[in-house]
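Below is one structure; the comments refer to it alone.
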Amino acid sequence: QVQLVESGGGSVHVGGSLRLSCAASGRTTRPYAMGWFRQAPGKERESVAAIRRSGGPTYTEDSVKGRFTISKDGAENTVYLQMNNLRPEDTAVYYCAADYSGGVGFQRPFEYDTWGRGTQVTVSS
C-alpha cells in the first residue's frame, strides 16, 4: 500500500512563500495523477493544482494561477507545490492526493483514492 506524507507547511505573513512537498512510498506503481487540495475552516475541500503522469498541461485553480506552481521530480515519487505571494485566504489545511485507479478527470477530489494527512498553511496580515 502507498503512503503519502506532506511537509513544508507553516505560518507566513502576507506576500510570503512556502513550498509544500508530498512524498509517496510503499508502492512502485506510478499514479495516473497527483494533486493538491485544501480545506479552510467551514468550507468544503477544493482543488488547488494537479499534474498527470502522462504529461501535458497541469491544472491550477483560477484563484492561485500565477502564484502557485505544481511540479514533480524525475522519479515521480514526490510532488511539490510552490506557493508565492500568499494571501490570508490561502489559509487552509493542504492535502496531497494520488489517483492509482485511472480516469479522465484529475481536478476534483473524487478522482483520487489515496490521501495524505494534510499540512497546515497559515497566512497572517
Side-chain angles (χ1 to χ4, degrees):
Q1 65 187 61
V2 68
Q3 183 177 43
L4 304 180
V5 180
E6 303 98 333
S7 62
S11 299
V12 297
H13 292 295
V14 170
S17 297
L18 288 171
R19 192 187 194 200
L20 305 184
S21 298
C22 175
S25 62
R27 185 170 179 172
T28 59
T29 303
R30 296 174 180 175
Y32 291 94
M34 296 187 72
W36 288 97
F37 300 82
R38 66 186 181 187
Q39 188 165 22
K43 297 184 178 181
E44 66 182 42
R45 190 168 298 185
E46 65 177 359
S47 301
V48 177
I51 188 166
R52 292 190 178 103
R53 181 184 69 187
S54 60
T58 59
Y59 165 79
T60 309
E61 199 272 332
D62 287 344
S63 67
V64 304
K65 285 183 177 178
R67 300 189 297 119
F68 292 10
T69 303
I70 188 169
S71 62
K72 59 183 179 180
D73 65 13
E76 300 184 39
N77 62 343
T78 305
V79 65
Y80 306 94
L81 184 68
Q82 178 65 47
M83 305 185 294
N84 297 325
N85 193 23
L86 285 160
R87 306 167 180 171
E89 53 264 40
D90 295 319
T91 296
V93 176
Y94 284 70
Y95 297 90
C96 174
D99 174 16
Y100 288 96
S101 61
V104 296
F106 74 132
Q107 299 179 10
R108 298 180 179 180
F110 71 81
E111 298 287 347
Y112 296 84
D113 47 60
T114 305
W115 292 81
R117 296 184 182 276
T119 184
Q120 177 70 48
V121 171
T122 302
V123 185
S124 61
S125 59

In chain order, what residues pass the salt bridge (Lys or Arg N to Asp or Glu O under 4.0 Å) check against Arg67, with sequence neighbours excluded?
Asp90

Would Trp115 end up clustered with Val79 when hydrophobic side chains under 4.5 Å apart are linked, directly or stepwise?
no

If every non-hydrogen atom of Val48 is compared with every non-hydrogen atom of Val64, which pair is closest and at what distance?
O-CG2, 3.8 Å

List for me each residue that meets side chain to side chain donor-acceptor pair (under 3.5 Å) alongside Ser101, sequence neighbours excluded, and say none if there are none.
Asp99, Asp113

Which heavy atom of Tyr100 sits nearest to which heavy atom of Ala98, and what is that distance?
CE1-CB, 3.5 Å

How long is the straight-line distance from CZ of Arg87 back to OG of Ser63, given to the nearest 0.5 Å?
7.5 Å

Separation between CZ of Arg19 and OG1 of Thr69, rounded to the nearest 0.5 Å
10.0 Å

Nearest 0.5 angstrom please: Lys72 NZ to Ser21 OG, how far?
15.5 Å

For Ala49, is there any backbone N or O sitting under 3.5 Å from a side-chain donor or acceptor partner on Thr60?
no

Could you work out, with ring pair (Phe, Tyr, Trp, His ring centres under 6.0 Å) as the rule, every residue matching Tyr112, not counting sequence neighbours?
Phe37

Does any pair with a residue in residues 40-68 pass ring-ring contact (aromatic ring centres under 6.0 Å, His included), and if so which ones, sequence neighbours excluded?
none

Hydrophobic cluster of Tyr80, others only, ordered by chain and residue number, side-chain cut-off 4.5 Å
none

What is the distance from atom CE of Met34 to atom CG of Leu81, rounded to the nearest 0.5 Å?
12.0 Å

Measuring only between side-chain heavy atoms, which start at C-beta, is Leu4 closer than 4.5 Å to Tyr95?
no

Side-chain donor-acceptor pairs of residues 7-18 under 3.5 Å, sequence neighbours excluded:
| unit_1 | atom_1 | unit_2 | atom_2 | d |
| --- | --- | --- | --- | --- |
| His13 | ND1 | Ser124 | OG | 3.2 |
| Ser17 | OG | Asn84 | OD1 | 3.0 |

Quick one: does Glu6's side chain have a donor or acceptor within less than 3.5 Å of a partner on Gly118's backbone?
yes

Taking salt bridge (charged side-chain N to carboxylate O under 4.0 Å, His left out) as the cut-off, I'd like each qualifying pair that reaches into residues 39-50, sequence neighbours left out, listed once.
Arg38-Glu46

Evaluate Thr91 against Gln120 for side-chain contact (heavy atoms from CB on, under 4.5 Å), listing each step before the verdict.
CA-CA 8 Å; Thr91 296; Gln120 177 70 48; 4.0 Å; yes

Any pair counted as disulfide bond (SG atoms under 2.5 Å apart), so long as it reaches residues 95-125, sequence neighbours left out
Cys22-Cys96

Could you pull out the closest heavy-atom pair between Tyr32 and Gly102, with the gap in Å?
CD1-N, 3.2 Å

